[in-house]
Amino acid sequence: MNIATHPFDALMEITSRPQAVFVRGEGSFLWDDSGKRYLDFIQGWAVNCLGHSPPVVAEALAAQSKLLLTPSPAFYNGPSLKLAKALTDHSCFDQVFFANSGAEANEGAIKLARKYGALHRSDAYEIITFEGGFHGRTLATMSASGKKAFEPLFEPKVPGFPKAQLNDLASVERLISDKTIAVMLEPIQGEAGVWPATPKFLRELRDLTKAHGLLLIVDEIQTGMGRTGKLFDYENAGIEPDIMTLGKGIGGGVPLAALLATEAVSCFEHGDQGGTFNGNPLMCAAGLAVLQAVAESCFLKSVTDTGLYLESELQRMSARHGLGEVRGRGLLLALDLRMPIAASIVAQAFEDGVLLNAPRPDTLRLMPALNVTREEIAAIIDALDAILTRMGAARRVA
Ligand code: PLP
């Protein structure tokens, strides 16, 4: 199909997209319908943890699709039981509720914390969240997010989300009152530009929340499922939260998300939570295939090693071009460009067949497949080097 004949206008214009239509993906590569190949360091927005269309996920989907798609969320099915058990076996949590998107999982976490507050803390309902945080695009999760651009939108917001500063314990302490039930954060603020919470801050936050009888909710939608070299990033800080949400990588490319809680906190009653497609066997079969691959200790070790390699290559490139710091953990990394040139780098990279993301005007974010190879990393560094050299030359001429 020729680009000119695509019915672009039939889709709501919710973001600016390049004029290309993608038709195929394999590992770290995507192809558009003109046959152009792209090296992909966006991977569905940190979704395809095993790369595009990994055979284990394709096979699990094909096999499950021949057996059972959706019996009804009011009946048990095998894959959701197996996946819930595997997730609880691999984490500090005891129970799971499956959702279809990260935002929906976070809505569930917010509801669970409020329910816990109603039952155990005289209807306390406030959840302290963080400036710069991102938790999704439903009304409650936009309200919980600390994204400046969301502030004027869709008023009135859902109340009850006072904002603290990341890595500043006193700013959290100041917001605690008898209305507070929980503190919720991403261990690394991804959408804001890859700003990690320090392990020390996470440990102190755990102690503070425990001392005040508050729940600690970690949104691991971007950091979970091996992205930072541990199955879940909270493990890097050596803490045990009360609630965790997962999304993105958990389905390896299909819409699956999860809300996990400890037994003490898992207090939903019949009628409180549900959803037509939640925990359907097709998505859970994909989730099981992903978890089996990612939870292998040699796989997680390779994420750590590859992450350190990408980080050091980015640092060397940054030094060559006089750019700024490299932030992040594992394979969720950002390069500070020190100048608002990220959008033009992303556009030039697209032309050169490389897919990159710019969460801020001065920041590039890299979130490749967790099984990305060193050759693919070398290729992205070469491509970026070439773009930065061209841009540097153009700036000198101007
Ligand atoms: N939480 C975090 C940390 C995210 O990065 C995202 C998506 O980028 C979400 C929540 C929302 O997930 P979804 O887009 O699947 O609703």
Side-chain angles (χ1 to χ4, degrees), residues 12 14-15 17 41-49 97-113 127 129-147 149-150 153-154 158 161 163 166 182-197 202 216-228 232-234 236 241 243-260 275 277-280 283 286-287 290 327-334 355-360 363 365-368 370:
M12 286 192 192
I14 49 105
T15 189
R17 296 179 168 117
F41 271 53
I42 299 178
Q43 286 289 355
W45 231 256
V47 164
N48 305 314
C49 52
F97 171 78
F98 290 111
N100 309 296
S101 70
E104 190 193 358
N106 280 338
E107 284 272 342
I110 292 163
K111 284 169 64 178
L112 189 62
I127 300 177
T129 57
F130 289 82
E131 296 292 349
F134 182 83
H135 300 293
R137 291 174 180 279
T138 61
L139 264 182
T141 55
M142 283 180 90
S143 309
S145 298
K147 187 176 159 116
F150 281 177
L153 301 179
F154 312 122
V158 176
F161 299 102
K163 305 283 179 311
L166 193 67
V183 177
M184 174 172 177
L185 83 168
E186 306 155 79
I188 301 176
Q189 289 190 341
E191 297 306 302
V194 187
W195 296 99
L202 286 170
L216 181 62
I217 307 173
V218 287
D219 173 345
E220 294 239 19
I221 285 161
Q222 197 156 140
T223 52
M225 302 310 291
R227 176 72 36 198
T228 67
F232 309 114
D233 194 41
Y234 72 77
N236 281 313
I243 296 176
M244 171 172 75
T245 52
L246 296 172
K248 294 187 182 284
I250 188 177
V254 300
L256 178 66
L259 158 64
L260 293 89
F277 292 114
N278 296 45
N280 71 77
M283 299 304 121
V290 170
R327 292 190 297 271
R329 274 194 285 277
L331 284 167
L332 178 57
L333 295 172
L355 302 181
L356 285 168
N357 167 249
R360 291 158 51 119
T363 306
R365 177 172 44 169
L366 298 100
M367 37 193 172
L370 301 184

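When a ligand or atom number is given, it counts from 1 through the structure's own listing order. If you read the sequence from its start, that first residue is 1, and numbering goes on from there.
- Using a 4.0 Å cut-off to heavy atoms of Ser101, the atoms of ligand 1 that qualify are 15 (O), 16 (O).
- Summarising the contacts of atom 7 (C) of ligand 1 with Lys248, His135, Glu107, Glu191, the nearest heavy atom is found in Lys248.
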Item checked: Chi angles and distances behind the side-chain contact (heavy atoms from CB on, under 4.5 Å) call for Val194, Met367 -> CA-CA 10 Å; Val194 187; Met367 37 193 172; over 6 Å; no

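- The Glu186 neighbourhood of ligand 1 comprises atoms 3 (C), with distances under 4.0 Å to a heavy atom of that residue.
- In terms of protein heavy atoms, atom 5 (O) of ligand 1 is closest to Gln222 NE2, 2.8 Å.
- Asp233 and Arg227 are not joined by a salt bridge, as no carboxylate oxygen comes within less than 4.0 angstrom of a charged side-chain nitrogen.
- Using a distance-only test at 3.5 Å, with no hydrogens or angles considered, no donor-acceptor pair links the side chain of Thr223 to the main chain of Pro187.
- Among all protein heavy atoms, the one lying closest to atom 13 (P) of ligand 1 is Gly102 N, 3.4 Å.
- Proximity to Ala103 (heavy-atom distance under 4.0 Å) selects the following atoms of ligand 1: 11 (C), 12 (O), 13 (P), 16 (O).
- Taking 4.5 Å as the limit, some side-chain heavy atom of Leu166 sits within range of a side-chain heavy atom of Leu185.
- Remark: of the listed residues Ile42, Leu331, Leu333, Leu331 is the sole one forming a side chain to side chain contact (heavy atoms under 4.5 Å, CB included) with Pro368.
- Residue Asn106 has at least one heavy-atom neighbour below 4.0 Å for each of these atoms of ligand 1: 1 (N), 10 (C).
- Look at Glu220 and you'll find every heavy atom at least 4.0 Å from all atoms of ligand 1.
- Scanning all protein heavy atoms for the shortest distance to atom 1 (N) of ligand 1 gives Asp219 OD2, 2.7 Å.
- The closest donor-acceptor contact from the side chain of Gln189 to the backbone of Gly193 lies at 3.5 Å or more, if one exists at all.
- Geometrically, ligand 1 and Glu104 share no nitrogen or oxygen pair separated by less than 3.5 Å.
- A donor-acceptor pair under 3.5 Å links the side-chain atoms of Ser145 to the main chain of Thr141, judged by distance alone.
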